[in-house]
Amino acid sequence: MRREYRTIQNVVGPLLLVENITGARNDELVEISLPSGERRRGKVIELENDTALVQVFEGTAGIDVPRTSVSFTGKGVQLPVSEDMLGRVFNGLGRPIDGGPGVIPEKRMDINGLPVNPYARDYPNEFIQTGISSVDGMNPIVRGQKLPVFSGSGLPHNRLAAQIARQAKVLGKEEKFSVVFGAMGITYEEAEFFIREFTSSGAIERGVLFLNLANDPTIERIATPRVALTAAEYLAFEKDMHVLVILTDITNYCESLREISSARKEVPGRRGYPGYLYTDLSTIYERSCRIKERAGSITLIPILTMPEDDKTHPIPDLTGYITEGQIILSRSLYRSKIYPPVDVLPSLSRLKDKGIGDKKTREDHADLSNQLFAAYARGKEMQELAVILGESALSGTDRIYYMFAEQFEEKYVSQAYDEDRSVETTLDLGWELLKIFPVSELKRIRLEYIEKYLGVKKDAH
């Protein structure tokens, strides 16, 4: 039931304090009517007795306190959804910005989502191919997984996000696959880049874009990931699609959360972020899942820039506790003109063993990945040793590992922005690189795989 009040007591930043109200509830949708006829939206974020604190999505600039009315709608913030969303571009609150008509909704869904019973969740175990060797070969993404990308200022995480969105696909049987892309606090140039990339590649036909610009209201930035995930839940669990959700940049989201927390005069936690940052992030990340007896799934790739490349910063630190691994971009690789500059050694996909192997990728995938990782790690050690002692101090075997590390970065990690490698191509490339070693060094691969893929007989050992 709609209830209208003209009892705004105070305005602080994007917040309104409304007094003498009855029957309001947390997360309730609020409509603000200005004397000019302009209407804005907000939501209740705190209640105390007969007073409500309201976040205004469009900001509070220009609000004439005595003459502005606030209507409590009796329902939560909702997103109109239908399959017509595919191929469209929206702002951070789900309003079309591509010049097209509004979406005729099949239904309206609360952007805060519905909690999923842990017992109803199905274990992620199906491979998603991104076409990027350093991901597919070493740290594969599995349907239903949440695997963040840890980047730094100036690194090409936006290009990587666009490439994954363009190339990601489900292998095997033909299944409906879509990409939901949510961008928070990006510049106009970045927004144009994403729209152009999605449109020119044709990925827009199976995608939904939600773009919140840097000059858009802070509150909208907080709603954007929830709006994107609501669209994903509709496509996955109502329309049986496999949905890949990419969110960038989570750091901008957390900065907005800190700004709102400061306006509310809350006691700050680490580095000024609110003490509930972990809980708030988990309400976003945990919406990715597979549900038993449902055909669809939601896989989440949140991208965040680490301030000062600090992995111990609260945002990457807390994200690492919630998610199943991380893909880390390296500044040193980027300076060496390696794209994508994925740092394989500290990167991790905790579910990779569940999504690879026979009938998923290939039977040699796990052994090959382990051997490549071990050889690359030792090769990097040899490179560090050569800096201290000189290459002449390395043994013959050490020099082979030294050379392997260089070739691994140049041929396996590095690939063109428009290069879409199949998982078979990635695995074959790994075997090609291992030919530099004598068979006796390939201790992490079963003999039958060495014989099958290198053509070396067992008695060669």
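Hydrogens, waters and symmetry mates are skipped; everything else that's a heavy atom, side chains included, is used.
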Inset, instruction - In plain terms, say whether R143 and D122 are close enough for a salt bridge, that is, a side-chain N and a carboxylate O under 4.0 Å apart. - result: no
Legend entry - R378 bridged to E381 by N-O distance under 4.0 Å: no
Inset, instruction - May I ask you to decide if T279's main-chain N or O and S282's side chain share a donor-acceptor pair within less than 3.5 Å? - result: yes
Inset, instruction - Considering non-hydrogen atoms only, spot the tightest contact between S414 and I338 and give its length. - result: CB-CG2, 3.9 Å
Inset, instruction - Check whether any side-chain heavy atom of R290 lies under 4.5 Å from a side-chain heavy atom of E126, and answer yes or no. - result: yes
Inset, instruction - Using side chain to side chain contact (heavy atoms under 4.5 Å, CB included) as the criterion, list what pairs up with D367, not counting sequence neighbours. - result: I445, R446, Y449
Inset, instruction - Could you tell me whether the side chains of Y253 and T224 share a donor-acceptor contact shorter than 3.5 Å? - result: no
Legend entry - Main-chain N/O of T130 paired to D136 side chain as donor or acceptor, under 3.5 Å: yes
Inset, instruction - Find out whether P156 and P341 are in side-chain contact, i.e. whether some heavy atom of one side chain is under 4.5 Å from a heavy atom of the other. - result: yes
Inset, instruction - May I ask you to check whether over 12 heavy atoms, not counting those of K337, lie within 6.0 Å of atom NZ? - result: no
Legend entry - S133-R421 side chain donor-acceptor pair, cut-off 3.5 Å: yes
Inset, instruction - Could you tell me which residues satisfy side chain to side chain contact (heavy atoms under 4.5 Å, CB included) with S153, sequence neighbours excluded, listed by chain and number? - result: none
Inset, instruction - Supply the atom-to-atom distance L345 CG to I328 CD1, rounded to the nearest 0.5 angstrom. - result: 10.0 Å
Legend entry - CA sep, side-chain torsions, deciding dist, call: L244, T299, side-chain contact (heavy atoms from CB on, under 4.5 Å): CA-CA 5 Å; L244 175 64; T299 306; 4.1 Å; yes
Inset, instruction - Could you tell me whether D280 and R226 make a salt bridge, using a distance below 4.0 angstrom between a side-chain N and a carboxylate O? - result: yes
Legend entry - Min side-chain heavy-atom separation D428-R362 under 4.5 Å: yes
Legend entry - K354 side chain reached by P124 side chain, heavy atoms, under 4.5 Å: no
Inset, instruction - Would you confirm whether D309, through its side chain, and G152, through its main-chain N or O, come within 3.5 Å as a donor-acceptor pair? - result: no
Legend entry - T397 versus E441, side-chain donor and acceptor atoms under 3.5 Å: no
Legend entry - Among L329, V149, L333, the one residue meeting side chain to side chain contact (heavy atoms under 4.5 Å, CB included) with V342: L329
Inset, instruction - If a pair satisfies ring pair (Phe, Tyr, Trp, His ring centres under 6.0 Å) and one of its residues is in residues 230-250, list it, with sequence neighbours excluded. - result: none
Inset, instruction - Sequence neighbours left out, what passes ring-ring contact (aromatic ring centres under 6.0 Å, His included) with H313? Give chain and number order. - result: Y273
Inset, instruction - Return the orientation label for the Y339 and Y417 ring planes: parallel under 30°, perpendicular over 60°, tilted otherwise. - result: perpendicular
Inset, instruction - Please examine the side chains of E190 and T248, heavy atoms only from C-beta on, and report whether any two atoms are closer than 4.5 Å. - result: no
Legend entry - Any donor-acceptor pair under 3.5 Å from K311 side chain to M306 backbone: no
Inset, instruction - State, yes or no, whether a side-chain contact exists between R287 and L300 at a heavy-atom distance under 4.5 Å. - result: no
Legend entry - Crowding at CZ, R121 (>12 non-hydrogen neighbours, <6.0 Å): yes
Inset, instruction - Not counting sequence neighbours, list each pair that qualifies as a ring pair (Phe, Tyr, Trp, His ring centres under 6.0 Å) and has a residue in residues 185-226. - result: F90-F210, F181-F194, F181-F198
Inset, instruction - Tell me, please, which residues at least two apart from F373 pass ring-ring contact (aromatic ring centres under 6.0 Å, His included). - result: none
Inset, instruction - Kindly give the heavy-atom pair with the smallest separation between K176 and D240, and that separation in Å. - result: CE-O, 4.2 Å
Legend entry - SB check E197 R166 (cutoff 4.0 Å): yes
Inset, instruction - List the steps and the verdict of salt bridge (Lys or Arg N to Asp or Glu O under 4.0 Å) for D310 and R271. - result: CA-CA 13 Å; D310 180 11; R271 302 206 188 186; 3.0 Å; yes
Legend entry - NZ/NE/NH1/NH2 to OD/OE distance under 4.0 Å, D364 and K452: no
Legend entry - Sidechain-backbone polar pair: S369 side chain, A366 backbone, donor-acceptor under 3.5 Å: no
Inset, instruction - Kindly compute the distance separating CD1 (I97) from CG (L213), expressed to the nearest 0.5 Å. - result: 6.5 Å
Inset, instruction - Please confirm whether the backbone N or O of D84 pairs with a side-chain atom of S82, one donor and one acceptor, at under 3.5 Å? - result: yes
Inset, instruction - Would you check if the side chain of S261 reaches a backbone N or O of L257 as a donor-acceptor pair within less than 3.5 Å? - result: no
Inset, instruction - May I ask you to decide if T305's main-chain N or O and T251's side chain share a donor-acceptor pair within less than 3.5 Å? - result: yes
Inset, instruction - Identify the two heavy atoms, one from A232 and one from V245, that lie closest to each other, and give their separation to 0.1 Å. - result: CB-CG2, 3.5 Å
Legend entry - Over all atoms of both residues, closest heavy-atom pair of I400 and P438: CD1-CD, 4.2 Å
Inset, instruction - Return the minimal non-hydrogen interatomic distance between A236 and I298, and the atom names on each side. - result: CB-CG1, 3.7 Å
Inset, instruction - Can you measure from CD (Q129) to CD1 (I164) and round to the nearest 0.5 angstrom? - result: 12.5 Å
Legend entry - Side-chain heavy atoms of E266 within contact of Y276, under 4.5 Å: yes
Inset, instruction - State whether the number of non-hydrogen atoms from other residues, nucleotides or ligands found under 6.0 Å of I104 atom CD1 is greater than 12. - result: no
Inset, instruction - Considering only NZ, NE, NH1 and NH2 on the basic side and carboxylate oxygens on the acidic side, decide whether K169 and D420 come within less than 4.0 Å. - result: yes
Legend entry - Minimum heavy-atom distance V77-G42, with the two atoms named: CG2-O, 4.5 Å
Legend entry - Residues E324 and K146 bridged, charged N to O under 4.0 Å: yes
Inset, instruction - Keeping the roles fixed (side chain from E58, backbone from R41), state whether a donor-acceptor pair exists under 3.5 Å. - result: yes
Inset, instruction - May I ask you to decide if M184's main-chain N or O and N252's side chain share a donor-acceptor pair within less than 3.5 Å? - result: yes
Inset, instruction - Say whether K239 and S178, considering side chains only, have a donor N or O and an acceptor N or O under 3.5 Å apart. - result: no
Legend entry - Between S332 and S330, a side-chain donor and acceptor under 3.5 Å: yes
Inset, instruction - Indicate yes or no: does K107 engage E238 in a salt bridge with an N to O separation below 4.0 Å. - result: yes
Inset, instruction - Mind running side-chain contact (heavy atoms from CB on, under 4.5 Å) on L211 and I195 for me, showing each step along the way? - result: CA-CA 9 Å; L211 304 180; I195 293 172; 3.7 Å; yes
Legend entry - Distance, nearest 0.5 Å, that separates CD of Q78 from CE of M109: 10.0 Å
Legend entry - Check against side-chain hydrogen bond (donor to acceptor under 3.5 Å, both in side chains), Q145 and S349: CA-CA 9 Å; Q145 184 178 10; S349 174; 3.1 Å; yes
Inset, instruction - Would you mind reporting whether P140 and H365 have side-chain heavy atoms less than 4.5 Å apart? - result: yes
Legend entry - Step-by-step salt bridge (Lys or Arg N to Asp or Glu O under 4.0 Å) determination, E220 to R95: CA-CA 11 Å; E220 180 181 306; R95 294 170 179 164; over 6 Å; no
